[in-house]
Amino acid sequence: MTEKHKKYDHIKIEKKWRKKWARSKTYRTNEDSKKPKYYVLDMFPYLSGEGLHVGHPKGYIATDIVSRYKRMNGYLVLHPMGFDAFGLPAENYALKTKIHPEKAVRDNVARFKEQLEMFGFDYDWSREVNTSDPAYYKWTQWIFLQMFKKGLAYQSYEPINWCPSCKTGLANEDLEGGRCERCGTPVEKKPMRQWMLKITDYADRLLSDLDLKDSTGKALLDWPEYIKESQRNWIGRSEGAEIEFRLSLSKKRRFVLIHGFEGSVKTNFFPWLKRELEKQGHEVEVPELPNSLHPRESEQVEYVLKNCHFDEQTVVVGHSLGAIVAIKAIMKLNRHISGLVLVAPAVDPRFHQADSRPFSKDFNWDFDYGRVQTLTDGKIAVLSDTQEKFRMPYLKNLSQQLSARLVETKSSEEHFCAEEEPEILKAVTPSIAVFTTRPDTIFGATYLVLAPEHPWVQIILPYLENKEEIKGYISLAKNQTDIERSDVSKEKTGVELKGIKAINPANNEEIPVWIADYVLPDYGTGAIMAVPAHDHRDWEFAKKYHLPIKDVVIPTVTDHTNPPRADKTTKTRRNVHAIVYNPARKAYLTLKWKKFPWNTVVLGGIEDGETALEAAIREIREETGFVDLEFKKILGGPVEAKYFATHKDENRTAITTGVYFEMKSEKKVDVSEEERKAYDIVWKDPKDFIPEKMTNSELPFWLERIAKENQDFTGNGILIDSMDFNGKDSQFARKDITKFVSGHWVTKYKLRDWVFSRQRYWGEPIPLIHCEKCGIVPVPEKNLPVKLPKVKHYEPTGTGESPLAAMDKWVNVKCPKCGGSGKRETNTMPQWAGSSWYYLRYIDPKNKKRPVDSAKEKYWSPIDLYVGGAEHATRHLIYARFWHKFLLDIGVVSLPEPFKKLQNVGLIMGADNRKMGKRFGNIVNPEDVIKKHGADTLRVHEMFMGPFDQETAWDDSSIVGSRRFVERVWRLGSVVSTTPSPQMKYSLMPQTSTKPFPLGETRSPFVRLSAKSGDWLPPAETADVKFVQKILHKTIKKVSEDIQAMRFNTAISSMMISLNQLEKSQSLTRKEYEIFLKLLAPFAPHITEELWISLGNKDSVHVSAWPEYEPILAVDEEMMIAVQVNGKVRGSFKAMTDTNQDQLKESAQQLPEISKWISGKTIVKVIVIPKRLVNIVISDYN
RNA sequence: GCCGCGGUGGCGGAAUUGGCAGACGCACACGACUCAAAAUCGUGCGGAGUAAUCCAUGAGAGUUCGAUUCUCUCCCGCGGCACCA
């Protein structure tokens, strides 16, 4: 034994090689290569200040293995690393330790790097990025500005999620079940000024691009399905209809419609509008104004005042010049009216063509705005037509003067001149838009529910009878946290808006309107039509408040054992099924028909004027005589069943209602002879009372409803009570019904815009300036980056202002546009900003002109492999995809998706199977493990623990297996490269195994290869040489495939198997040993390098060529063939792989252990599976 | 509730166009070496049974010559979404 192989000193070896690699820049990625590229990336760590535990590097080990493998296969590999240094985790750590975040980050980076380096990773540190480095965040700010310029960044004042503990606003993505993801505090809703990013503009692409295909039709994104699924859930696309429900005030109104210049009661929308309003029961007056072609103010106003009746129920509608007449008339009234609607009012003499019109001089254009306001109680609406742009400024001015609601809308024909103008109808009888995915159930909509926050509630409030109750409910709803509100299990609450009704546009029925907190303000339209018969939530609500439930969709079933026949006529009948349970017998009442092989429940038709319940009681009495029954429940709405009624020789479409009874006693009355002959009464045990043993195809529905509390049917079926749509399949009627009620088909998303500002110090300053004159002005690009100023106090204020706001010197700047005084935006960006594009910066980390050079971006894109934790599924990975798509749109990048293959790391749990972390005190420190066993051992072990993407608990004892493996590789090296000595025990022991070697060769002990080191014998063509070759070729194949598929555990297992075999070889050559070292090199880089170099190699094993295998040599020539008799293994024999099937059959049957099973038996057939087994099937097998 | 994934020895886990279940490793037991221990090497190791053999991949059914693998029903665990209309 030579000195250098005496002992495997991992500490010394690992330290030595890390130093050498760093000095010789072994892993530097130089771009001037003609090689194919491979970009492999880890999700970079964020600096929370907590130390590393053994779970953190698991993903880094994997990328290290893959990158080394690819490098050895001739790829130019980019494998960079950096740090996510901005954001809450880093800042909170700084606050806790009272170290300034900048210094804390610097220290943490240094420590982190030190720890990473202990693993011997092959990162190219010359490309390191740090999101808090001004040279980096200059470009983060730059990207933000591009978004701002494209209108994707905007300010909002809507209430947002506020974490009272972190003292900052949060994005939806930062929540976990209504709590702050970082600290677990329940979030509050707080209205404040926010910067938002319009990620919703990209919702559609973010969703559909998940399924992009490459040119061969394969999925472009090789991602775990569940990550894609999470993103789909998060984006939450759903299609449905937006439908208007008109509101009708319960008190009827009177309308006065006043036409304009050259108008008449017979032209434009007047006849139509009159008709529509009268339909709703309102009174309508349409005065025909005198001298319509040459109108004079006094004449027309007086006419109106004289001929029309004005009272507190009167709403005045004026069109064009008629609007002016209306205003003037109201000014002269001495009583209040109900409201005023001005449709495209001709409000100013300077308007279009006015000078040429005869009335421009005759009319007086001064208005007593205050008086009009008073007399209408401020209930004034101004309708503008967006097609008439020139009129807009006047209308804006008018509505301001009158404090009126300005409704910008598109008329059917310019200036509201069409015969039908639905927008006017909407304005005079306001409507609520609802969103529904089930417009097919609209005939069953029995009430409307608005979110308490719905803006209409405030508008309608003055008209309502129970104002105080409603105000109370709204404030109650507002004070709830998200967690309280979204508690599904809690009982639903709500209040009816009394004094108002909605009109179901499908059947013009009046339905009540409620507010309830189970309707969310920010999804859909914030209002729903409630269909209690076909929606769980509506059902619960309706039950509680005794609202009507109307079935309009019924389940449908075709009896496949007895289907309708094409040549027979079809009859539709209303039926009843009586399900009768007898508790005394613990059995169900059924009828066994004598003429037919049927078992049915008691059933029959429902006669005219009879209810289902009456029919059921009658049928039970007629058919069985039983009369002492307790009615339990109607089993929901009817079920439609199609079948052939044999006894009537016709097809039936039965609309059947189920009724459920329990029997109190078997008291009975006489049954007619006829009935008695037809069937026997049979009591069926509940386990036999199942669809398979009964002849009622509706039975599954009855059973479900007996068991279930809720009786809503949410599936698809056949429409009933839906007028022209009766009998249609609900699924296919959706779009037609939407059209029928003048709704339109829309797409909605759950995804919300990204709340992009944080009221904290440690983040990228948002590069905008608020100027008194110019509004919001972007910081000119040449002035980027806007550096985060150094401050003494960076504690969050909690006021909704960032700590930066207190820094007058920094805040007050000159406006870049006008030079006037301006103030900097003091909010900072969220943690996820910098990480949304960092992968691009590695490609070109030092570029001062652009975020990334286009040519370089084209060369390296996309990222071939991206490895990280699944916790980023709906945050980082959505944000990064969003930014990437935006960068594609502005030409910075060239591909729609950044990450081609995504691989998730399964967590390493603590020994107690809980998440490893401080709070459970179950952290295993990698430094300790490395000190004890070495980095190579830890790397091998973490990869061997189980499937890479699966979580596994750390087990301190099992790591010795990996250590033994590494050490045995070391000792095998000493045997190969040195003279064997008699003292050496390892594997030179006589073989005591009783098992034959795979090839069955007898092996003589104590035979070794060459004598002197460096003096190699040429491989002899012996069985042993072949044996070693076979092992190696198989292993090369397996390890290569497994690394590419990230099955590291089985790759290591195959190397262990291989090592077990190689140790038994008596003629292992240096070449063969080197192959083994190469296979292991990506996993255990230090020890393999040491052994490789000690064998006399000059260059690093890590830049050597990956071994290739011969497919022929990787396959066994001989195999054990298992022999089965009737599928049970009874023996086996050895055969050459290419032995033909007949021979295999023959040999199998001749085996002594087989003949014992088959002698005297009839062989039915023999099945041969090449290379695997022979199965002999005998018929008389006991 | 909806969607996705999974359930195999004492433990981590192998095994897929359906073909010998438990590879590899840990733990354990025995043996060799040693004065002894550790390390190392060898042997054994799902359960029952002396054995032949039988039973066994969450439970039950089905398809098949043959099922951990395919189909159906159910149970349990994990993950995502969740009063999203």
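Every chain is numbered from 1 and lettered A, B, ... according to where its sequence line falls, protein lines coming before strand lines. Remember, predicted model here, so these are calculated numbers, not experimental data.
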Of all the nucleotides listed ([options]), which has the minimum atom distance to the side chain of [X]?
| X | options | result |
| --- | --- | --- |
| A:N1060 | B:C20, B:A85, B:C24 | B:C24 |
| A:F944 | B:C83, B:G25, B:A85 | B:G25 |
| A:R964 | B:U40, B:A85, B:A82 | B:U40 |

Would you indicate what [X] reaches in the nucleic acid, counting non-hydrogen atoms under 4.0 angstrom: base, sugar-phosphate, or nothing?
| X | value |
| --- | --- |
| A:T952 | sugar-phosphate |
| A:I528 | base |
| A:P224 | nothing |
| A:S238 | sugar-phosphate |
| A:M1055 | nothing |
| A:N1049 | sugar-phosphate |

Quiz prompt | From A:D538, A:L448, A:T436, residue fulfilling side chain to side chain contact (heavy atoms under 4.5 Å, CB included) relative to A:I528 | solution = A:D538
Self-check item: Which residue lies more 5' along RNA chain B, comparing A:G526 with A:V1177 via nearest heavy atoms
Solution: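 Closest to the 5' end, via its nearest nucleotide, is A:V1177.
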Practice problem: Answer yes when A:E453 and A:R485 have at least one side-chain N-carboxylate O distance shorter than 4.0 Å, and no when they do not. | Solution: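 A:R485 and A:E453: salt-bridged.
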Practice problem: Using Watson-Crick or G-U wobble geometry with both distances below 3.5 Å, tell me the partner of B:U68, or none. | Solution: none
Quiz item: Using purine N1 to pyrimidine N3 plus N6-O4 or O6-N4 for Watson-Crick, or N1-O2 and O6-N3 for G-U wobble, each under 3.5 Å, what pairs with B:A59?
Solution: B:U73
What's the gap between [N] and [M] when it is taken at their [atom1] atoms, as a whole Å value?
| N | M | atom1 | answer |
| --- | --- | --- | --- |
| B:C20 | B:A15 | P | 13 Å |
| B:G60 | B:U8 | P | 16 Å |
| B:C55 | B:C3 | P | 38 Å |
| B:C45 | B:C30 | P | 16 Å |
| B:A21 | B:G66 | P | 14 Å |
| B:G58 | B:G6 | C1' | 11 Å |

Under 4.0 Å: is that the gap between some side-chain N or O of [X] and OP1 or OP2 of [N]?
| X | N | value |
| --- | --- | --- |
| A:R971 | B:C41 | yes |
| A:S958 | B:A27 | no |
| A:Y523 | B:A85 | yes |
| A:Q950 | B:G13 | yes |
| A:R232 | B:C3 | no |

Exercise. Could you tell me whether a side-chain N or O of A:Y518 sits under 3.5 Å from a main-chain N or O of A:F541, the two making a donor and an acceptor?
Key: no
Self-check item: Donor-acceptor pair, side chain of A:N504 and main chain of A:I511, under 3.5 angstrom
Solution: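 Not at all, since once roles are kept as given, no pair shorter than 3.5 Å links the two residues.
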Practice problem: Check whether NZ of the Lys or CZ of the Arg A:K550 lies under 6.0 Å from the centre of the six-membered ring of A:F443 and within 45 degrees of that ring's axis. | Solution: no
Exercise. Please work out whether the ring planes of A:Y545 and A:W514 are parallel, tilted or perpendicular, with thresholds of 30° and 60°.
Key: tilted
Quiz item: How are the rings of A:F1083 and A:F1048 set relative to one another: parallel (under 30°), tilted (30 to 60°) or perpendicular (over 60°)?
Solution: perpendicular
Self-check item: Nucleotide B:C81, atom C1' - distance to CZ of A:R752 in whole Å
Solution: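 So the CZ-C1' distance, A:R752 to B:C81, works out to 13 Å.
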Exercise. Could you check how far CG of A:N904 sits from P of B:G4, rounded to whole Å?
Key: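 It works out to 18 Å between those atoms.
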Exercise. For salt bridge (Lys or Arg N to Asp or Glu O under 4.0 Å), just list the numbers for A:E1041 and A:K1037, CA-CA rounded to whole Å, side-chain angles, deciding distance to a tenth of an Å, and then say yes or no.
Key: CA-CA 6 Å; A:E1041 287 169 356; A:K1037 180 172 191 282; 3.3 Å; yes
Can you name the atoms? Protein N/O to nucleotides 15-19 of chain B N/O, anything below 3.5 Å, with the distance.
| unit_1 | atom_1 | unit_2 | atom_2 | d |
| --- | --- | --- | --- | --- |
| B:G19 | N2 | A:Q1124 | OE1 | 3.3 |
| B:G19 | N2 | A:N1175 | ND2 | 3.3 |

Exercise. Mark yes when over 12 heavy atoms from residues, nucleotides or ligands other than A:R914 sit less than 6.0 Å from its CZ; otherwise mark no.
Key: yes
Quiz item: Taking syn as any angle within 90 degrees of 0 and anti as the rest, which one fits B:G9?
Solution: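 Base orientation relative to the sugar is syn.
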